[in-house]
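Here you go, one structure.
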Amino acid sequence: MAMKNRTFYNEILTEHNMNPYHKHPLVNPMKWMRGVNPSCGDDIVLQLNVEDGVITDGAFVGNGCAISQASADMMLDLVIGRTREEAIELKDLFLKMIREEITEEELERLEEASSLKDISHMPSRVKCAVLGWHTLEEILKEDSNGGETTTESDGDNTAY
Amino acid sequence: MNVKDIQRPAFDVERVRADFPLISGTELAYLDNSATTQKPKAVLDAEREYYENYNANPFRGLYDLSTEATDRYEHARETVARFIGAKDASSVIFTRNATESLNLVAYSFGELLKEGDELIVAVSEHHSNLLPWRAAAKRKGAVVRYLFCDATGAYSLDDLRSLINERTRLITIAQISNVFGRLNDIKAMAALAHEVGAVLVCDGAQSVPHLPVNVTDLDVDFLAFSGHKILASMGIGVLYGKRELLDKMPPFLSGGEMIETVSLDSVAFATVPHKFEAGTVNAGGAISLEAAIRYLEEIDREKAIAWEDHLTRLMFEGMKNVPHVNIVGAQDPDDHHGILTFTIDNVHPHDVSAIFADSDIAVRAGHHCAEPLHQHLGIPSTTRASLMFYNTEEEVKRFLECLAEIRPMMGYRD
Ligand SMILES: Cc1ncc(COP(=O)(O)O)c(C=O)c1O
């Protein structure tokens, strides 16, 4: 049986969606990347300052469903102030949670982002929850800056 | 209008619902009928009966069973022809769906296009009536011109007139858009096309299931629709075309059944419609479409349509009473024909449809395969509820109750 959204759209999620603390442009960000899911229209630009391997500041702009926006906001809560390696580890934990392979202790480390746990029962919304994290992973790669990424498969772009 | 003032037409919806196995025994309010309709038992039985008693490859065997299969298949064609008012059954081609029908015309009629020819495409078209034309234009060096509608989904004949010139070969437009639900004046558009010797292609995917459509009266040159949106099985669709046009057009797919004779260096094609039905046909699907048409005639189509219009009015007036809900298109319920597309301020359509799903209400979110239209309207995406005669007032009520809960559930207090 499908999970009940009534419990899914909980206060943590709606609060992060309505009042996203990190949703604003950064002035002169050191790194940025756009993350889009064309089929559902989720579209964010993640901006980070990374100094000596530490994420010193981060923000995002864009629009999309509540899940994509709240998830990106919760993610920034978690990763700002962490090292690149710690952020990647958290990303791995988040994906583990989505795959329902996470332990209770690990889940705690995700703090409020753990409120998205039940998304694993809503396959069509997983890519919304993962968009921010996926963009983070791409942006943290050594030389990457700018450009665009997606959690959907890449299509061919043919003009006609 | 006040919801209470809406008069209920005479229609025994509970009796009709009992004919639909999937919805009669569930809590689900199925309001995604523009995507596909549910199937009555009569349709499921007819297809099964065909396979149990008459199955052989139509056209291929000389034994009785194959002849019987052929007859049944051709009988279905005659029923469809009568249903859409075609004078000649051979102008009805069976395809897989509206998409294939439209691709068939775009490819085959498209082969007759020349460099510099112009095609007029309405901006509200489903991608299936947009992309095949762009591809045809690209192949032939023809030009696509867009006809734009206003925010209520209305098209002006004056705008159309100003796009038409002696290079215009074709106008293509849905009779009812799957986003607006608004009925376009196809008859007048066809007349304008014919003035300059152009043809009119009508996408009837949303109109044929909800209105009597008569190709002879409308004088359209082509009409496409899908069986699955009008109670029949998935995998059967129709392309109607005027015989004189179909005769001139080259085949779309080639292979078995569509030939007269083949030698190593020449081929004579079969005549219309078989020229356009290459390979083994979907006989079971055609029979299911015939059964769907019979079913519609038996339940009294006029009353069924009046019921759909009634539910549309109830839903429309109810939606207008919910703050922050914006109905896309016309602000008159009679211009919606069972299709209500909307947005809710600050709530993304995917969240909207997920919340509906939680209340066992099926609606659709996204751009409904009409992305250019959404760009034209300046709306990224929308939610759509679409009705069929087997829907109930109770379902509309549940929809409206859930609709009113959505903003509060997302944390908005006003
Ligand atoms: C107006 C319109 N045209 C064409 C189509 C394509 O129909 P199908 O997917 O059955 O080919 C649809 C349905 O999705 C539609 O609503």
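In what follows, chains carry the letters A, B, and so on, assigned in the order in which the sequence lines appear, proteins first and then strands, with residues in each chain numbered from 1.
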Problem - Selection residues 44-64 of chain A - residue pairs positive for ring-ring contact (aromatic ring centres under 6.0 Å, His included), sequence neighbours left out - result: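 Every pair satisfying ring-ring contact (aromatic ring centres under 6.0 Å, His included) with a residue in residues 44-64 of chain A: there are none.
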
Problem - Reported OH-to-CD1 distance for the pair A:Tyr9 and B:Ile355, which is rounded to 0.5 angstrom - result: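 CD1 of B:Ile355 is found 5.5 Å from OH of A:Tyr9.
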
Exercise for the section: For atom CG of A:Asp52, decide whether the heavy atoms of other residues, nucleotides or ligands shown that lie under 6.0 angstrom number more than 12. Expected result: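 Not more than 12 within 6.0 Å, no.
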
Exercise for the section: Only counting residues at least two apart or in another chain, list the ones meeting side-chain hydrogen bond (donor to acceptor under 3.5 Å, both in side chains) with A:Ser115. Expected result: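 A:Ser115: no side-chain hydrogen bond (donor to acceptor under 3.5 Å, both in side chains) contacts found.
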
Handout entry: Heavy-atom pairs under 4.5 Å with chain B, option from A:Ser68, A:Gly64, A:Gly41, A:Cys128 with the top count
Key =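 Of A:Ser68, A:Gly64, A:Gly41, A:Cys128, A:Gly64 has the most heavy-atom pairs under 4.5 Å with chain B.
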
Practice task
Please list, in residue-number order, every residue in residues 15-36 of chain A that has a heavy atom less than 4.5 Å from any heavy atom of chain B; write 'none' if there are none.
Solution key: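 At a heavy-atom separation under 4.5 Å, chain B is reached by A:Asn17, A:Met18.
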
Practice task
Check the surroundings of atom CZ in B:Arg398: do more than 12 heavy atoms from other residues, nucleotides or ligands lie under 6.0 Å from it?
Solution key: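 Buried by this count: over 12 neighbours within 6.0 Å.
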
Practice task
Look at atom CD of A:Glu100 and say whether more than 12 heavy atoms of other residues, nucleotides or ligands are closer to it than 6.0 Å.
Solution key: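 It does: A:Glu100 CD has more than 12 such atoms within range.
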
Handout entry: Set of residues satisfying side-chain contact (heavy atoms from CB on, under 4.5 Å) with respect to B:Arg139, sequence neighbours excluded
Key =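 side-chain contact (heavy atoms from CB on, under 4.5 Å) check on B:Arg139 returns B:Tyr107, B:Glu111, B:Ala135, B:Ala136.
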
Practice task
Find the distance between CG (B:Asp351) and CD (A:Gln69) and round it off to the nearest 0.5 Å.
Solution key: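 Result: 9.5 Å between the selected atoms.
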
Handout entry: Minimum side-chain heavy-atom gap B:His350-A:Asn37 below 4.5 Å
Key =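 A side-chain contact is absent here, since even the closest heavy-atom pair is not under 4.5 Å.
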
Problem - Nearest non-hydrogen partners of B:Met410 and A:Ala66, listed with the distance - result: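 In terms of heavy atoms, the two residues are closest at CE-CB, 3.3 Å.
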
Exercise for the section: For atom NZ of B:Lys140, decide whether the heavy atoms of other residues, nucleotides or ligands shown that lie under 6.0 angstrom number more than 12. Expected result: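 Enclosed: over 12 neighbouring heavy atoms sit under 6.0 Å from NZ of B:Lys140.
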
Exercise for the section: Looking only at non-hydrogen atoms, find the nearest pair between B:His348 and A:Asp42 and report the distance. Expected result: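 Closest approach of B:His348 to A:Asp42, heavy atoms only: NE2-OD1, 4.2 Å.
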
